[in-house]
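Below, each value reflects all heavy atoms present in this structure, side chains not excepted, and no hydrogens, waters or symmetry copies. Quantities reported herein were computed from a predicted structural model and do not represent experimental measurements.
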Amino acid sequence: MARRPVPPPSASLPAASARGRSSGRPATAGRTVDVREWAGGIRLSGFAVIMLSLVVLGTWVLVPTIGTYLGQKQKIAALENSVQVTEEQIAELERERDRWDDPAYITTQARERLYYVKPGEVPYLIDFDLDPADLPPEQQEVSDELEERPADWMPQLLRGLTSAGLAKTAVEAPNR
């Protein structure tokens with residue numbers, strides 16, 4: 001395709017815009033641009049059209065693939081993290097298994113968990129072996145007099161229910 005000759009810039013400007021340029025105003029003030037004339041000046045070769053269409057086609061094909069790739073990379077990272085956590089758990093369980101191979105450890109666990117004793121030993125189980133701060137407070141004596149307090153009963157009920165659920169109590173020893 002042959003290119004259309006482009007006229008020199010000074011020949012295409014009207015006299016008014018040439019005067020406007022000398023006075024400091026922009027040259028495009030009051031001038032309209034014909035889009036058909038502008039678009040008609042653009043000439044594309046067949047090679048440029050083919051290359052542009054290949055770029056558009058390549059973008060259309062690769063964008064979803066890149067999204068899939070990034071999603072799979074995130075899944076791989078999450079799975080690698082999961083594998084690392086699982087390997088740490090396996091190592092901890094193997095250490096626990098190795099401890100159970102030691103007869104002294106088995107004896108200690110039987111004494112602590114199941115309260116086993118050797119023949120001739122006398123076991124002593126202490127019932128309230130908790131810290132005094134963990135024990136519930138002693139209940140005060142109940143009076144025979146009736147006291148009326150001006151208070152709303154609903155907040156007191158809720159406070160009583162929540163404090164009853166959060167109270168620390170002594171744990172009973174297991175029965176043999």
Side-chain angles (χ1 to χ4, degrees), residues 26 33 35 38-39 42-176:
V33 177
V35 175
W38 176 80
I42 298 175
R43 298 285 182 212
L44 294 175
S45 66
F47 178 74
V49 169
I50 291 172
M51 292 309 290
L52 183 62
S53 63
L54 285 176
V55 167
V56 169
L57 179 66
T59 304
W60 184 65
V61 169
L62 290 179
V63 167
T65 306
I66 291 172
T68 305
Y69 171 75
L70 292 176
Q72 288 178 349
K73 289 292 273 186
Q74 289 176 345
K75 287 181 182 178
I76 288 171
L79 289 173
E80 286 176 348
N81 187 22
S82 174
V83 166
Q84 181 181 3
V85 168
T86 305
E87 287 175 349
E88 291 171 0
Q89 290 174 344
I90 290 172
E92 178 63 32
L93 289 173
E94 286 176 350
R95 285 192 295 273
E96 180 75 21
R97 185 189 63 201
D98 292 341
R99 280 189 283 188
W100 280 100
D101 288 338
D102 183 19
Y105 183 76
I106 293 173
T107 304
T108 305
Q109 292 301 312
R111 287 174 159 264
E112 289 178 2
R113 293 183 183 183
L114 303 175
Y115 302 107
Y116 281 16
V117 292
K118 292 183 179 180
E121 289 182 344
V122 177
Y124 291 101
L125 292 178
I126 301 172
D127 279 344
F128 297 105
D129 62 341
L130 297 175
D131 186 25
D134 291 338
L135 292 175
E138 293 290 327
Q139 186 172 357
Q140 298 176 354
E141 292 289 325
V142 178
S143 69
D144 293 334
E145 298 175 14
L146 181 62
E147 293 181 21
E148 185 175 339
R149 296 185 182 177
D152 191 14
W153 63 270
M154 184 59 89
Q156 287 182 349
L157 175 67
L158 292 175
R159 199 174 314 119
L161 289 174
T162 56
S163 66
L166 300 175
K168 294 183 180 179
T169 58
V171 179
E172 294 184 24
N175 294 335
R176 287 195 249 174

Spacing of CD belonging to E96 relative to CD belonging to Q89, to within rounding of 0.5 Å: 13.5 Å
Side-chain heavy atoms of E121 within contact of R111, under 4.5 Å: yes
Heavy atoms of other groups near W153 CH2, more than 12 under 6.0 Å: no
OH (Y116) with more than 12 external heavy atoms under 6.0 Å: no
Considering all heavy atoms, the nearest S53-I50 contact: OG-O, 2.7 Å
Distance (rounded to the nearest 0.5 Å) between L70 CG and K75 NZ: 12.5 Å
Distance (rounded to the nearest 0.5 Å) between N81 CG and I76 CD1: 13.5 Å
Interatomic spacing from OH in Y105 to OG1 in T107 - rounded to 0.5 Å: 12.0 Å
Check: T162 side chain, L158 main-chain N or O, donor-acceptor pair, under 3.5 Å: yes
